[in-house]
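Below: the structure, in structure tokens.
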Protein chains: 2
Amino acid sequence: MVTNCTHCPLRKLDIFESLTADSISFLQRFKSGELKVDAGTPLLMEGSNSPQLFTALKGMGVRYKLLPNGRRQVVNFVLPGDFVGLQAGVMGEMKHSVEATTPMVLCVFDRSELWTLFKTQPERAFDLTWAAAMEEHFLGEALTSIGQMSAMERIAWGLVRFHGRCENLGLIDGTKCPFPYRQQDLADALGLSLVHTNKTLMKLRDRQILSINDGILQIMDIEEAKTVALLPIDLPGRRPLI
Amino acid sequence: MVTNCTHCPLRKLDIFESLTADSISFLQRFKSGELKVDAGTPLLMEGSNSPQLFTALKGMGVRYKLLPNGRRQVVNFVLPGDFVGLQAGVMGEMKHSVEATTPMVLCVFDRSELWTLFKTQPERAFDLTWAAAMEEHFLGEALTSIGQMSAMERIAWGLVRFHGRCENLGLIDGTKCPFPYRQQDLADALGLSLVHTNKTLMKLRDRQILSINDGILQIMDIEEAKTVALLPIDLPGRRPLI
DNA sequence: CGAATAGTTGAAAACAATCAAACCCCGTGG
DNA sequence: CCACGGGGTTTGATTGTTTTCAACTATTCG
């Protein structure tokens, strides 16, 4: 049973721009199906030339790169509304891998139709460029965070940001939001060792700023957390959904 | 005296895809002028909504972000052929600053014409998306480098990559290429302190792998340098030029 | 119960940042 | 001609953060 784009639950959220009926019907034709995967399923592999592109509908995942020496860099977390596979779409192959962290549901698009989109739907083409530029922006911030901030600052930054993204998606309950990742994932995202990540999280918990427990991230003192994060968290107020 | 797109010296390089006469004439109309700037001139400021977009023709620059605490992250080096200002074009404001490191010459485009490009030149729109995805790819690699590699590995990675970009642009003379940046710029790019960057460069020089002198980067032992860099350097073989 | 996974903790070692000063090159002006 | 100053580079000593290593706990699952 495939979700109809017209009744897409994501598109109802304030954060996503609304589209004309015509545009939605194009996307509906662009959409070739829906994919349900279990937690832990690899979606795209670095170097692969996937014939399929995705938009995450439900669940969460990770983008990551593996190094020859076995280390791993988590490039970003994948949340509902995120477009996945754009690199394969425009550059011919993925430059990082993507895997589901929780069970996920994704819209599937046909890569071969991407060119049709550029030719006939310039607004959608623009949206895709926007998405790529947004990802570029985020990676620039992450680079700045990892390159210039201390462990505590990085962790506060990463978690405040994640919390903000959840808020935009209506996933917040009071001060809490889901955080289905392991400490190792957070460490790999922020360029820290697992041990040091753990100890720093303890400090943040002791200082009553934030805590992670049972897959739930709670930010008790959001103001203090933002102060520790140093960088202002810059999330788009309204954005396209493809 | 403005360079005519038809005779653009950059486009003659093998690395850049060739275009039909029609496409070039569109770009010629898109191009609103040329900008010559001295070394040190700021081109775009973070947060600014520039009415102008650029393609670097000659010279080199830096993209960087400043932190509230005064630290600086160099996000990337700007070389000839690089498109500058895409974020302002699609997101309304720049997320980093750009400044000329050497004297530069840049093609100037009118931001207001960007939408015309998307509507009437889907191939060019695709190229822009490609450029954004490429930048995303690079930032992912940089993140991996800074997050997971030691100082020596990072420096080798950064300089081998820079050397490779120069090679693609025909800026190589034997084992040497221009490197007009200060050690502080390199340090800010790789998330290292100036002192540690300096000491690590000394070690690489002592080991006869590479050296920087008088604005010239020489890689004496490219194989060894690539080995130290850990990550394979992935540069596009052929790419669009806008 | 045993095995596997994730989280927690302490001690030691390694790495990189900071501090402070010297050095070098080069252009300026007395 | 040489003293002076500025920007960038180099160096040594010290401090401090982060990693690594190793072990132990808690929880889940077959």
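Chain letters run A, B, ... following the sequence lines, proteins first and then strands; every chain starts at 1.
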**Request:** Please name all residues satisfying ring pair (Phe, Tyr, Trp, His ring centres under 6.0 Å) with F16(A), sequence neighbours left out, ordered by chain then number.
**Result:** none
**Message:** Any residue in residues 176-184 of chain B with a heavy atom nearer than 4.0 angstrom to DNA chain D? Just list them by number, or reply none.
**Reply:** R182(B), Q183(B)
**Message:** I want to verify a distance call: between dT18(C), dT9(C), dA17(C), whose nearest atom is closest to the V195(B) side chain?
**Reply:** dT18(C)
**Request:** Walk me through it: do Q184(A) and D188(A) pass the test side-chain contact (heavy atoms from CB on, under 4.5 Å)?
**Result:** CA-CA 6 Å; Q184(A) 183 69 65; D188(A) 287 346; 3.1 Å; yes
**Asked** Parallel, tilted or perpendicular for F77(A) and F162(A), by the 30°/60° rule?
**Response** perpendicular
**Item:** Between C1' of dA17(C) and CD1 of I146(B), the distance in whole Å
**Value:** 16 Å
**Prompt:** What integer distance in Å separates M149(A):CE from dT18(D):P?
**Reply:** 11 Å
**Asked** Quick one: is R205(B) getting a side-chain N or O under 4.0 Å of the dT10(D) phosphate, OP1 or OP2?
**Response** yes
**Asked** Of E135(A), H96(A), R63(A), which is the lone residue that meets side-chain hydrogen bond (donor to acceptor under 3.5 Å, both in side chains) with N76(A)?
**Response** E135(A)
**Message:** At less than 4.0 Å, is any side-chain N or O atom of N198(A) found next to OP1 or OP2 of dG7(C)? Yes or no.
**Reply:** no
**H196(B) NE2 to dC19(C) C1', straight-line distance once rounded to whole Å** = 16 Å
**Prompt:** Which is true for G215(A) with a 4.0 Å heavy-atom rule: it touches a base, it touches only sugar-phosphate, or it touches nothing?
**Reply:** nothing
**Request:** Would you mind checking if K203(A) and D206(A) are paired as a salt bridge, meaning a charged N to carboxylate O distance below 4.0 Å?
**Result:** no
**Fill in**
Here the distance between atom C1' of dA17(C) and atom CZ of R154(B), to the nearest Å, is 12 Å
**Distance in angstrom units between N213(B) CG and dT9(D) C1', rounded** = 10 Å
**Complete:** In terms of heavy-atom contacts, L143(B) and V74(A) come closest through CD2-O, 4.4 Å
**Message:** With a 6.0 Å cut-off (strictly less than), is the heavy-atom count around CG of D38(A), excluding the residue itself, greater than 12?
**Reply:** no
**Request:** Take the protein atom CG of L192(B) and the nucleotide atom C1' of dT17(D), then report the distance between them rounded to whole Å.
**Result:** 14 Å
**Prompt:** For the side chain of K199(A) and the base of dG7(C), is some donor closer than 3.5 Å to an acceptor across the two?
**Reply:** no
**Item:** Interatomic distance where NZ belongs to K203(B) and C1' belongs to dT11(D) [whole Å]
**Value:** 13 Å
**Prompt:** Given atom CG of L186(A) and atom C1' of dT18(D), what is their separation to the nearest angstrom?
**Reply:** 15 Å
